[in-house]
Amino acid sequence: MTSAPSKLYADDVSLLVVTLDTNPFFWSTFPFPFADFLSQVLAFLNSILLLGQLNQVIVIATGCNSCGYVFDSTSDKNHGSTTGTMPALYSNLLHNLDQFVARDQQLASPHTPGTVPSSLLSGSLSMALCYIQRAFRSGPMPPQPRILCLQGATDGPEQYVAIMNAIFSAQHSVVPIDSCYIGSNNSAFLQQASYITGGIYYKPPQLDGLYQYLSTVFATDLHSRAFLRLPKSVGVDFRASCFCHKQTIDMGYVCSVCLSIFCEHHDKCSTCGSVFGQAQLDASAADRKRKA
Amino acid sequence: MSNAAERPVNGDAEDDDEDEGGDLEAWERTYAEDRSWEALQEDESGLLRPIDNTAIYHAQYRRRLRNLASKAATARIQKGLIRYLYIVVDLSKAASERDFRPSRMAVIGKQVEAFIREFFDQNPLSHVGLVTIKDGIAHCLTELGGSPESHIKALMGKLECSGDASLQNALELVLGYLNQIPSYGHREVLVLYSALSTCDPGDLMETIQKCKKSKIRCSVIGLAAEMFVCKHLCQETGGTYSVALDESHFKELILEHAPPPPAIAEYATANLIKMGFPQRSAEGSVAICTCHEEAKTGGGYTCPRCKVRVCELPTECRICGLTLISSPHLARSYHHLFPIVMFDEVSPSSQNDPSFSFSNTCFGCQQSLNSQGNKPGLSVICPKCKQQFCLDCDIYIHESLHNCPGCESSRHSKSVTA
């Protein structure tokens, strides 16, 4: 009799790991202020915790020079330090976030002005997956984990391999990656992440109603998703980024030995060192013939 | 009453004795290997506790990792990632032998299914074909293709055996098919051989030389006993020969062929292949695809060169001939190219050293690194980013994630590696 209720609970207990983009370069150029964004996200996190007593929320900040845990709903620190004006959840999260942003700024290295450096999404995804593995180890009935990426800055092509590794690892352990992309263009990395892991990719058209989007699209647990008509994908950008210039390309050359992607023709593979031989000429000749 | 109940049980046991040569009941046999009491130990207060195996497991895992690292250091990271593999299944009379349960054939069928799935998971751009040997004749069951389901279905429908095995016929057939593939592909044959003889129409040695000339890497897994001709074949063509002892050993041997083998430079010429990375269009959009020539709703892919619609990847564009793949197909194998460094072990004693500033939580999962009693436990440290990880994360990072969370979340160390 004792085991029955715990089984019932574990069915729809969610472990939500949120990666929060705190890239200052993005937010300073973006029309929607970070404070408004954060207040809507906090309301959303609170509603997740209210949906089920056993639900867990973890927040990882994705900075531009570092990543760090800023909130864990299971840690006991949350309950002690109420400042009176704000609930413990908020004060704790905001305190950690302040510290994180300050530390992130100290680590900043000079970059070329005019460009927005990308956020370290690969780092926060890797940390989220490590945390989820810990939840899997915790017992026979672990909560159902999922990752929600709240991302604003554009993709950093230099993180391509790392993000892909994280996506495949998430797919392997059946952890869906939901993505809510705030920025102006679609994010190819997050589209692929959600498509491969079976999560939802959504780009809210009106940021003033962000809470509404978050709570209707991303608050549902994995079991209930089967009964809902959630937004369908509007296409996935499967473009790769090349290894030589870290550009996103839709057509390129692939080394037959190691499958490295290049945007232009090389004589030697920079990754595996193989020299491209005679056969390439034949292939291009055949290609020309076919075109003609 | 109890005697009457016991007697038929004893009778059964005696019957079993004759069949199995064991003196245990069927239900007892399932527990015979299970020595569960050995996994317990007493703690200081005399309570029973499961033995803490994590340290031992971790040591084993480190050893395996070190082996891999040393191998990678000696050989360059060239791997044959585009493979064209024919699996030759011997369905001669010998495959009906029951030394494997329920029969060699059934075991082969089951393990080939697992192997094909694993193979396509690790080699997404490769192709597999199936050949069977029966009545001395080799028969091509499926042509080279990239879909695991069709191969498995074809094999499961054809699991019957009869007649003799002929290694030569099988090799000749495979030779004919593999000579047509592009030069950058790695040609491989994996023979699952049950028979102890081969009945050939001609000289097998000539065929072996032909295979060697065509640069086909032949590997054999025997299910009976070692045969000289198989060993010779593997030695000549650079493959591996092994003989399975039992089902689990067979599984182990066949799965060894799933990860890409080190590339042999002269076996396949390196080549730059022009490829397109199509975008997936929105769910619910309607377009006419070139593969079925009919209007289809739902997500399809658009060729980046000629903008034509295709249904599935990987494929070749029907209009412009461009090889179309999705970038995740390629990316699945990148962790072979950029392996992450091995983490250094931190012994609990060195943590007292004031020159190190250690946090006491794992950087990956925030778990406390202190073992019971607030003593610092074993942990590892990444030599690049100097972040500390727990042993569980260490294993997860190296076996599945292939990313160091510490290095990924600092811009500084990344610019060093890039």
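Protein chains get the first letters and strands the later ones, always in sequence-line order, with residue 1 at the start of each.
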Review point. Quick one: NE2 on A/His265 to CG on B/Leu272, what's the gap to the nearest 0.5 Å?
Key: 4.5 Å

Exercise for review: Please look at A/Ser124 and chain B and tell me whether the side chain, the backbone, both or neither of the residue comes under 4.5 angstrom of a heavy atom of that chain.
Suggested key: neither

Exercise for review: To the nearest 0.5 Å, tell me how far A/Ile196 CD1 sits from B/Arg332 CZ.
Suggested key: 7.0 Å

Check your understanding: Is the number of heavy atoms from other residues, nucleotides or ligands under 6.0 Å of A/Gln105 CD greater than 12?
Key -> no

Check your understanding: Quick one: does A/Phe136's side chain get under 4.5 Å of B/Tyr396's, heavy atoms only?
Key -> no

Study note, to complete from the structure: If you tally heavy-atom pairs under 4.5 Å between each of A/Gly252, A/Ala166, A/Gly156, A/Ser66 and chain B, the highest tally belongs to A/Gly252

Practice item. Taking all heavy atoms of B/His402 and all of A/Asn165, pick out the closest pair and write down the distance. Key: O-ND2, 3.3 Å

Exercise for review: Taking all heavy atoms of B/Leu401 and all of A/Cys130, pick out the closest pair and write down the distance.
Suggested key: CD2-SG, 4.4 Å

Review point. With side chains defined as the heavy atoms from C-beta onward, is the minimum distance between B/Leu324 and A/Phe238 less than 4.5 Å?
Key: no

Point to revise | Interchain contact, A/Ile261 with chain B, by part (heavy-atom threshold 4.5 Å) | key: both

Check your understanding: Where do A/Tyr160 and B/Ser327 come nearest, in terms of heavy atoms and distance?
Key -> OH-CB, 3.1 Å

Point to revise | Side chain, backbone, both or neither of A/Leu129 within contact of chain B (heavy atoms, under 4.5 Å) | key: both

Exercise for review: Please report the shortest heavy-atom distance between A/Ile249 and B/Phe277, naming the atom on each side.
Suggested key: O-CD1, 3.9 Å

Check your understanding: Would you say the side chain of B/Cys362 lies within less than 4.5 Å of the side chain of A/Arg134, judging by non-hydrogen atoms?
Key -> no

Check your understanding: Would you call B/Gln366 and A/Asp72 a side-chain contact if the rule is heavy atoms closer than 4.5 Å?
Key -> no

Review point. Taking everything shown except A/Leu230 itself, do over 12 heavy atoms lie less than 6.0 Å from its CG?
Key: yes

Revision key, fill the gap. Turns out that what part of B/Tyr301 lies under 4.5 Å from chain A's heavy atoms comes down to side chain

Check your understanding: Between CG of A/Leu121 and CD of B/Glu408, what distance do you get to the nearest 0.5 Å?
Key -> 10.0 Å

Revision key, fill the gap. Honestly, the part of A/Met164 sitting under 4.5 Å from a heavy atom of chain B is side chain

**Study point:** Atom pair CD/CD of B/Gln367 and A/Gln133 - distance to nearest 0.5 Å
**Key:** 12.0 Å

Review point. Which atoms form the tightest heavy-atom contact between B/Pro405 and A/Met127, and what is the distance?
Key: CB-CG, 3.9 Å

Review point. About how many Å separate CG of B/Asp392 and CZ of A/Arg137, when rounded to the nearest 0.5 Å?
Key: 3.5 Å

Review point. Do the side chains of A/Tyr195 and B/Pro328 get nearer than 4.5 Å, heavy atoms only?
Key: no

**Study point:** Part of A/Ser138 lying under 4.5 Å from any heavy atom of chain B
**Key:** neither

Study note, to complete from the structure: The interface call for B/Cys303 against chain A, heavy-atom contacts under 4.5 Å, is neither

Review point. Checking B/Tyr334 side chain against A/Ala162 main chain: does a donor-acceptor pair fall under 3.5 Å?
Key: no

Exercise for review: State the SG-CD1 distance between B/Cys365 and A/Ile132, to the nearest 0.5 angstrom.
Suggested key: 12.0 Å

